[in-house]
Structure formats: C-alpha cells, structure tokens
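Below is one structure, written out as structure tokens, with a few remarks after it.
If you read the sequence from its start, that first residue is 1, and numbering goes on from there.
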Amino acid sequence: MTELKTGLEGRAETLVSAENTAAAIGSGALPVFSTPHMIALMENASMKAIAACLEEGQGTVGVSIDVEHLAASPVGMSVRAESRLVEIDGRMLSFELKAYAGDELIGRGRHRRCIILSQRFMEKTQAKLKQAAE
C-alpha cells in the first residue's frame, strides 16, 4: 500500500461523445462537453490519486467541489482531468483540479473527499432509506 501524502496525482480521460454533452443531459442546449461530466471526470481523477493508499474496506466520498468551466469542448475531442492531493486533515482530503482538451485548460477548481468505511457508510444509507419508507 502506498503512503497517503500530499503531492499524489491522478488522471482520468474521456472522449466527448453525444452522450456526455450539455444538450444530451439537459445542463445546456449545445452539443459540447457538459460541466457535470467534467466534474465527474475530475472526481474520478481524485479517486485514482489516492486509490492505492486506501486499506481494504475503505473508500472515499466527495463532499465539496468548486470548479470553473473555462472553455467548450466539441464532440470528438479528447478530454482529461488531473488531480493533485494538496491537503490531508484527518479523513478529509483536498485536491487541486485541472481539466484539459488537448493542451487547452478547460476547467480548474478544488475538491474535497472524505475517507469512509464503505460497508458502514452503506449501512447508514440503507437505514435512511428504510426510515423514509416507514
């Protein structure tokens, strides 16, 4: 297992397709890479940055994200997100984010994730569902 320390980096890539455009998901009207998909790609890069550091049974959940979507990316363009772990505060992890289409910076921001025990987290989530059904 890798030591959890600042400076760890992760990367995720995708191709802009008709399915991940703003027009397709209703976050806009144009056939360009959607902001929600850019955010998901950034979160994925953050998860990859620290995946090798988690113990069996651990996971992470996103708790906050603040991003700017700076430029449009058309269908057919390759997009990548890069994440760098910049702060560790107990179970809370903070990341700097960047997204690129080719060499162009199309997004940037910050993201926080919390380390959780996956089974315990899901048990609490299922208890909420059961309580809401009663």
Side-chain angles (χ1 to χ4, degrees):
M1 183 176 357
T2 304
E3 177 188 354
L4 185 63
K5 60 185 176 189
T6 58
L8 294 173
E9 296 181 345
R11 181 178 170 145
E13 297 182 46
T14 194
L15 189 65
V16 181
S17 65
E19 293 78 25
N20 61 17
T21 64
I25 66 165
S27 68
L30 301 175
V32 295
F33 194 51
S34 75
T35 302
H37 279 92
M38 183 184 75
I39 290 169
L41 196 65
M42 290 170 154
E43 284 197 85
N44 186 257
S46 298
M47 288 174 44
K48 288 180 176 182
I50 52 94
C53 302
L54 299 177
E55 297 176 13
E56 187 172 333
Q58 287 184 324
T60 61
V61 293
V63 296
S64 69
I65 192 157
D66 180 19
V67 299
E68 295 176 281
H69 198 163
L70 305 169
S73 305
V75 171
M77 192 85 177
S78 180
V79 176
R80 77 180 181 283
E82 298 175 355
S83 178
R84 184 171 177 270
L85 181 61
V86 294
E87 183 180 348
I88 303 167
D89 183 11
R91 297 183 307 131
M92 294 299 279
L93 310 174
S94 298
F95 299 86
E96 285 182 355
L97 309 169
K98 292 183 181 174
Y100 297 89
D103 292 332
E104 181 182 17
L105 180 68
I106 63 163
R108 64 180 171 222
R110 291 188 63 89
H111 176 44
R112 289 181 38 180
R113 300 190 72 76
C114 183
I115 298 173
I116 51 100
L117 295 174
S118 299
Q119 183 175 347
R120 184 171 160 203
F121 183 88
M122 290 309 299
E123 287 169 357
K124 286 182 178 182
T125 302
Q126 291 301 318
K128 286 180 186 179
L129 180 62
K130 183 179 177 182
Q131 201 172 41
E134 294 174 349

Task: Inter-residue atom distance Ile50.CD1 - Ile88.CD1, 0.5 Å rounding - done: 9.5 Å
Open item on the list: Restricting to non-hydrogen atoms, name the atom on Val67 and the atom on Met38 that form the minimum distance, rounded to 0.1 Å.
Closed with: CG2-CE, 4.3 Å
- [ ] Give, for atom CD of Glu96 and atom OG1 of Thr6, the distance between the pair rounded to the nearest 0.5 Å.
- [x] 10.5 Å
- [ ] Give the minimum heavy-atom separation between Met92 and Val63, together with the two atoms involved.
- [x] CE-CG2, 3.3 Å
Task: Spacing of NZ belonging to Lys5 relative to CG belonging to Leu85, to within rounding of 0.5 Å - done: 10.5 Å
- [ ] Could you walk me through whether Thr14 and His37 pass side-chain contact (heavy atoms from CB on, under 4.5 Å), step by step?
- [x] CA-CA 10 Å; Thr14 194; His37 279 92; over 6 Å; no
Task: Nearest non-hydrogen partners of Ser27 and Ser34, listed with the distance - done: OG-CB, 3.7 Å
- [ ] Report yes or no: do Met122 and Val61 belong to one cluster of Ile/Leu/Val/Met/Phe/Trp/Tyr joined by side chain heavy-atom distances under 4.5 Å?
- [x] yes
Open item on the list: Within the structure provided, determine whether Val16 and Val75 are in side-chain contact (heavy-atom separation under 4.5 Å).
Closed with: yes
TODO: Answer yes if Val79 and Ile39 sit in the same cluster of Ile, Leu, Val, Met, Phe, Trp and Tyr residues linked by side chain heavy atoms under 4.5 Å apart, and no otherwise.
DONE: yes
Open item on the list: Using 0.5 Å steps for rounding, measure from the OG atom of Ser83 to the CE atom of Met47.
Closed with: 11.0 Å
Task: Distance in Å, Lys48 NZ paired with Leu8 CG, rounded so as to fall on 0.5 Å steps - done: 15.0 Å
- [ ] Flag yes if more than 12 heavy atoms outside Glu123 fall under 6.0 Å of its CD atom; otherwise flag no.
- [x] yes
Task: Nearest non-hydrogen partners of Ala49 and Phe95, listed with the distance - done: CB-CE2, 4.2 Å
Task: Over 12 foreign heavy atoms within 6.0 Å of CZ, Arg80 - done: yes
Open item on the list: Quick check: closest heavy atoms across Gly59 and Leu54, and the distance to 0.1 Å?
Closed with: CA-CD1, 4.0 Å
Task: Leu97 to Ile65 - nearest heavy-atom pair and separation - done: CD1-CD1, 3.9 Å
- [ ] Hey, could you give me each pair passing side chain to side chain donor-acceptor pair (under 3.5 Å) that has a residue in residues 51-63? Not counting sequence neighbours.
- [x] Thr60-Arg113
Task: Rounded distance (nearest 0.5 Å) linking atom OG of Ser78 with atom OH of Tyr100 - done: 14.0 Å
TODO: Please confirm whether the backbone N or O of Leu15 pairs with a side-chain atom of Asn20, one donor and one acceptor, at under 3.5 Å?
DONE: yes
TODO: With the side chain counted from C-beta on, respond yes when Arg110 and Val86 share a heavy-atom pair under 4.5 Å apart, and no when they do not.
DONE: yes
Open item on the list: Taking the side chain as everything from C-beta on, heavy atoms only, tell me whether Thr21 gets closer than 4.5 Å to Phe33.
Closed with: no
Open item on the list: What I want to find out is whether Arg11 reaches Glu13 closely enough, with some N-O distance under 4.0 Å, to be called a salt bridge.
Closed with: yes
- [ ] Output every pair passing side chain to side chain donor-acceptor pair (under 3.5 Å) with a member in residues 63-75, not counting sequence neighbours, ordered by first then second residue.
- [x] Thr35-His69, Glu68-Arg108
Open item on the list: Within the structure provided, determine whether His111 and Glu43 are in side-chain contact (heavy-atom separation under 4.5 Å).
Closed with: yes
TODO: Give a yes or no on whether the backbone of Ile115 and the side-chain of Arg91 come within a donor-acceptor separation of less than 3.5 Å.
DONE: yes
